[in-house]
Each structure stands twice: as C-alpha cells, then as structure tokens.
Amino acid sequence: MQNLVIVVEAEPPRPDLLGLYQGRPLTQRGVSDQFQMPDTITIYQGPHERMARSYEQLVELVKETVWHEIAHYF
C-alpha cells in the first residue's frame with residue numbers, strides 16, 4: 001500500500017459508519033495518478049466503543065473495520 005493515511009476520529013458523519021475509505025481504488029488508477037493526495041481511511045472510535053462488550057471484542061471490531069476499508073483500496 002502506498003500513499004495511504006489511516007486516521008481515527010471520535011464520531012462519524014452518519015450514525016451507521018464504523019469506517020470510511022476516501023480515495024481511488026487501485027483498480028481505477030492510471031499512470032497519470034502518480035502525484036495525488038493520499039487516500040484516507042478513517043476509523044470512528046465512538047461506534048466501536050459502543051458496540052464492544054470487552055477490550056478483546058473492541059480490538060477485533062477495529063481489526064475487521066480496518067481490513068474492510070483496506071479492501072476498498074484494493
């Protein structure tokens with residue numbers, strides 16, 4: 001993965017989001033796309049903490065969300 005930033009924000013703009021990918025997937029890029037701003041994956045802390053019943057479950061939820069958003073990159 002190149003030119004990708006992962007950030008954490010407290011709350012999402014919509015209540016149904018755990019994470020958000022913003023950018024162009026690799027499958028839609030061309031040679032002229034070399035000098036673009038980085039794609040961004042945002043993970044929303046609040047919804048994860050409200051869903052998790054334990055620290056271990058929180059870790060798993062975050063992992064799943066990060067992998068889901070990375071899949072949008074590819």
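Start at 1 with the first residue, then count along the sequence.
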Visitor: What pairs with Thr27 under side chain to side chain contact (heavy atoms under 4.5 Å, CB included), at least two apart in sequence or on another chain?
Guide: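 Expected list: Pro25.
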Visitor: Sort and list the pairs that fulfil salt bridge (charged side-chain N to carboxylate O under 4.0 Å, His left out) and have at least one residue in residues 58-73, not counting sequence neighbours.
Guide: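 Passing the test, one end in residues 58-73: Glu60-Lys63.
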Visitor: When you look at CZ of Phe74, are more than 12 heavy atoms from neighbouring residues, nucleotides or ligands closer to it than 6.0 Å?
Guide: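 Atom CZ in Phe74 is crowded, with more than 12 foreign heavy atoms closer than 6.0 Å.
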Visitor: Grouping I, L, V, M, F, W and Y whenever their side-chain heavy atoms are under 4.5 Å apart, do Val62 and Ile6 come out in a common cluster?
Guide: yes
Visitor: Identify each donor-acceptor pair in which a side-chain atom of residues 46-53 lies under 3.5 Å from a protein atom, sequence neighbours left out, and give them as a table.
Guide:
residue: His48; atom: ND1; partner: Tyr44; partner atom: O; Å: 2.6
residue: His48; atom: NE2; partner: Thr65; partner atom: OG1; Å: 2.8
residue: Glu49; atom: OE2; partner: Gln45; partner atom: NE2; Å: 2.8
residue: Arg50; atom: NH1; partner: Glu11; partner atom: OE2; Å: 3.0
residue: Arg50; atom: NH2; partner: Glu11; partner atom: OE1; Å: 2.9

Visitor: According to side chain to side chain contact (heavy atoms under 4.5 Å, CB included), who are the partners of Leu4, at least two apart in sequence or on a separate chain?
Guide: Met1, Tyr21, Asp39, Ile41, Tyr73
Visitor: Rounded to the nearest 0.5 Å, what separation is found between the CG atom of Asn3 and the CZ atom of Arg24?
Guide: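 So the CG of Asn3 and the CZ of Arg24 are separated by 12.5 Å.
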Visitor: Take Val66 and Ile43 through the test side-chain contact (heavy atoms from CB on, under 4.5 Å) and record every step on the way to the result.
Guide: CA-CA 7 Å; Val66 170; Ile43 304 301; 3.8 Å; yes
Visitor: Between Ser54 and Leu58, is any pair of side-chain heavy atoms under 4.5 Å apart?
Guide: no
